[in-house]
Amino acid sequence: MPDVLVPLSGWYARHARDLPWRRPGFPAWGTLVSEVMLQQTQAARVAVEIDAWLARWPDPAALAAAPSADVLRAWGNLGYPRRALRLQDAARAIVERHGGEVPADVDALLALPGVGDYTARAVAVFHHGVRAPVVDTNVRRVVARLVHGVADQGPPKRRDLVDVERLLPDDPGEAAVVSAALMELGALVCTARSPDCDACPLADSCAWLAAGRPDNAPPRRAPQPRFEGSDRQARGRVMAALRASDDALPPASVRALWHDPAQLERAVASLISDGLAVRCDDGLRLP
Ligand code: SF4
């Protein structure tokens with residue numbers, strides 16, 4: 001292991017959060033499901049949901065056979081519900097292509113619907129013990145500060161993988177621990193807004209700290225549009241009503257969900273186009 005990271009493993013052993021997907025024996029399928037949930041949802045919320053999800057659909061075959069409406073209802077408030085349908089598509093692909101077993105190979109994982117570069121690497125590394133860089137936002141920020149002396153990482157770059165690859169020990173098991181530890185350090189200590197350098201095990205080697213924590217981050221991307229009153233909020237309102245109803249929502253009930261008819265129509269049309277809702281004789285329902 002590079003000298004710079006030697007203090008990290010001990011810190012991780014003392015400070016890592018007890019999250020379900022880190023427990024010994026957690027299944028490959030559970031790792032895939034949790035990583036898809038973690039793509040856009042905070043770890044604390046995923047930790048609350050994951051056990052119930054896996055109790056209901058303990059393997060890819062079970063999720064592949066489930067009615068999509070049940071899957072969307074169970075996704076509940078995790079947000080971005082297209083992920084639920086993509087996860088079900090991935091489960092079906094695992095059954096068809098891999099006999100129901102989650103593959104270990106990064107390329108085979110990448111070929112699954114809804115599985116991007118980070119998720120594929122996370123499953124391969126954290127469950128199957130493959131030696132490969134796993135780079136999420138937290139890791140990118142830690143490496144930007146530690147190695148490059150830059151306050152934040154800017155847009156994702158291919159270079160991130162090369163940077164992290166260079167930091168990994170040769171042993172795959174140790175490399176997986178280092179990847180998890182970098183992630184945890186970014187989540188708990190080297191945070192975006194208020195890094196706690198006094199508590200950081202890497203402080204003696206950190207280029208950004210040594211440079212006096214300069215304000216040298218690349219320009220940020222444009223801020224996200226406001227959620228309140230947005231099309232996204234209207235979509236969420238309709239999805240919540242669909243999930244809460246066992247039957248189709250009559251047109252009058254749909255109209256009552258949102259104050260702006262044009263915006264509501266856009267929201268409904270986008271849900272239909274994303275496969276999250278279908279029109280029927282009685283109104284609107286889950287697929
Ligand atoms: S010393 Fe500070 S900036 Fe550097 S890695 Fe640690 S927490 Fe991040």
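Whatever order the structure lists them in is the order used to number ligands and atoms, beginning at 1.
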Is Glu184 salt-bridged to Arg22, cutoff N-O under 4.0 Å? yes

Is Arg235 paired with Asp274 through a side-chain N to carboxylate O contact shorter than 4.0 Å? yes

Would you say Tyr118 and Gln39 are linked by a side-chain donor-acceptor pair, where the criterion is simply a distance under 3.5 Å? no

So what's near atom 8 (Fe) of ligand 1, protein N, O or S atoms under 2.8 Å? Cys190 SG

Arg23/Asp18 ion pair, N-O < 4.0 Å: yes

Which pairs, with at least one residue in residues 48-82 and sequence neighbours excluded, count as a ring-ring contact (aromatic ring centres under 6.0 Å, His included)? Trp53-Trp57, Trp53-Trp75

Can a donor-acceptor pair be found between the side chains of His148 and Asp163 at a distance below 3.5 Å? yes

